[in-house]
Amino acid sequence: MSRNNETWLMHLGKGHPDQQAALSALRAELLRSLRRAFWKWGLVDEAFLEDAVQDGLVRILDRLQQFEGRSRFLTWATAIAIRVAMTELRRRRWQDVSLDTLSEDPHFAQAWASDEEIGPAVQWEQQAILDTLHDVMQNELTDKQRTALVAELKGMPQEEIARHIGSNRNAVYKLTHDARKRLKRGLEAAGYVAADIHAAFVE
Amino acid sequence: MSLSTHEINKLMQLIGLTKDDEIDCEQCLSLVAEFAERELAGKSIPDGLKAVAHHLTLCAECHEEYQALQRVLKDLKE
Ligand SMILES: [Zn+2]
């Protein structure tokens with residue numbers, strides 16, 4: 001039986017006679033989708049995907065009321081299941097990495113001492129921007145903001161940063177967003193606008 | 001600890017992209033399905049969804065999840 005957005009919502013609702021059938025159908029659809037999403041990774045087995053689908057289903061049913069019909073229901077549900085699966089995968093990959101080594105005072109000075117491709121004028125401009133950035137990082141950011149931002153730059157996923165500082169992914173995003181805003185303002189106050197930064201730091 | 005050249009460049013890029021108003025990861029999740037369908041269909045992105053595109057340039061996790069969703073939608077379309 002094929003369902004549209006309206007019938008998915010109706011059948012998945014509590015007490016509907018088709019609820020069990022709709023749940024089975026959704027489970028099968030999500031499993032197919034996650035197989036497609038993850039097949040290239042080669043790192044996840046069928047048991048992992050089945051667990052992720054099960055956890056995803058719970059999350060989807062929890063927020064059924066939030067579905068506004070702006071996409072196909074299955075696309076919306078798949079996005080949620082992917083988030084659940086990716087979060088678990090990141091947790092497994094990062095579970096043994098500690099924040100301690102990431103949270104020390106970042107200092108920038110010798111970062112490109114050996115980079116010979118950059119001319120002296122650009123190097124001087126870069127160093128001036130970096131000195132300012134370093135000051136703003138030390139003086140304007142809270143410890144939490146600095147720790148989260150540096151950990152993010154080191155590649156640690158936000159969920160994992162959250163786990164270490166007793167928070168959640170959304171709060172970590174807000175934390176690093178506030179940190180970026182402060183750094184931007186600090187650089188602007190010292191006379192460096194986005195164009196200067198871009199000119200001095202093109203990879 | 002020092003940041004590598006790559007990490008410094010990444011930070012500078014992030015600062016350059018920073019806006020006062022950004023959506024967070026939860027808001028991104030609630031809008032990304034519509035965004036992905038429109039992108040795949042080559043439809044224009046309305047103003048209300050531009051914040052999703054911006055968030056995806058800043059947030060590595062949401063971007064990774066978006067790419068996975070795109071793979072699924074592309075396979076379904078073929
Ligand atoms: Zn995000």
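What you see below is based on every heavy atom in this structure, not just the backbone, and it leaves out hydrogens, waters and symmetry mates. Just so it is clear: chains get the letters A, B, ... in the order the sequence lines come, proteins before strands, and each one is counted from 1. This structure is a prediction, so every number in the text was calculated from the model and none was measured.
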Enquirer: Among A/Q66, A/R83, A/E68, who wins on heavy-atom pairs under 4.5 Å with chain B?
Expert: A/R83
Enquirer: What part of A/L74 gets within 4.5 angstrom of chain B, counting heavy atoms only: side chain, backbone, both, or neither?
Expert: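 When you check distances to chain B, no heavy atom of A/L74 falls under 4.5 Å.
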Enquirer: At what distance, to the nearest 0.5 angstrom, does CD1 of B/I45 lie from CD of B/E34?
Expert: 8.5 Å
Enquirer: With rounding to the nearest 0.5 angstrom, report the CG to CD distance, A/D196 to A/E188.
Expert: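 Rounded to the nearest 0.5 Å, the CG-CD separation comes out at 10.0 Å.
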Enquirer: Pick one of side chain, backbone, both or neither for A/R63, based on which atoms fall under 4.5 Å of a heavy atom in chain B.
Expert: side chain
Enquirer: Shorter than 4.5 Å, heavy atoms on both sides: which option in B/S30, B/A36, B/C62, B/A60 has the most such pairs with chain A?
Expert: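 The candidate making the most pairs under 4.5 Å is B/C62.
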Enquirer: When only pairs under 4.5 Å are counted, which of A/A179, A/A194, A/G155, A/A79 shares the most heavy-atom pairs with chain B?
Expert: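 Highest number of pairs under 4.5 Å: A/A79.
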Enquirer: Which value, rounded to the nearest 0.5 Å, describes the distance between B/L73 atom CG and A/R72 atom CZ?
Expert: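 If we round to the nearest 0.5 Å, B/L73:CG and A/R72:CZ are 8.0 Å apart.
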Enquirer: Of the backbone (N, CA, C, O) and the side chain (C-beta and beyond), which part of B/L31 lies under 4.5 Å from a heavy atom of chain A, both, or neither?
Expert: side chain
Enquirer: Any idea which of B/Q67, B/R38, B/K74, B/M12 has the most non-hydrogen atom pairs under 4.5 angstrom with chain A?
Expert: B/M12
Enquirer: Side chains of A/R27 and A/Q54: donor-acceptor distance under 3.5 Å anywhere?
Expert: yes
Enquirer: Between A/R90 and B/E64, is there a salt bridge with N-O shorter than 4.0 Å?
Expert: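 Salt bridge: yes.
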Enquirer: For B/I23, is it the side chain, the backbone, both or neither that has a heavy atom under 4.5 Å from a heavy atom of chain A?
Expert: backbone
Enquirer: Under 4.5 Å heavy-atom distance to chain A, tell me which part of B/L14 shows up: side chain, backbone, both or neither.
Expert: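 B/L14 touches chain A through backbone and side-chain heavy atoms alike.
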Enquirer: Please classify the contact between A/R32 and chain B as side chain, backbone, both or neither, with a heavy-atom cut-off of under 4.5 Å.
Expert: neither
Enquirer: Taking the six-membered ring of A/Y173 (Phe, Tyr or Trp), confirm whether the NZ or CZ of A/R180 is under 6.0 Å from its centre and within 45° of its axis.
Expert: yes
Enquirer: Can a salt bridge be assigned to the pair A/K174 and B/D24 using a cut-off of 4.0 Å between side-chain N and carboxylate O?
Expert: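 A salt bridge is present here (some side-chain N lies under 4.0 Å from a carboxylate O).
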Enquirer: Can you tell me which of B/E37, B/K19, B/Q27 forms the most heavy-atom pairs within a distance under 4.5 Å of chain A?
Expert: B/E37
Enquirer: Under a 3.5 Å cutoff, is there a donor and acceptor pairing between the side chains of A/Q127 and A/D131?
Expert: yes
Enquirer: Is it the backbone or the side chain of A/L187 that comes under 4.5 Å from a heavy atom of chain B, or both, or neither?
Expert: side chain
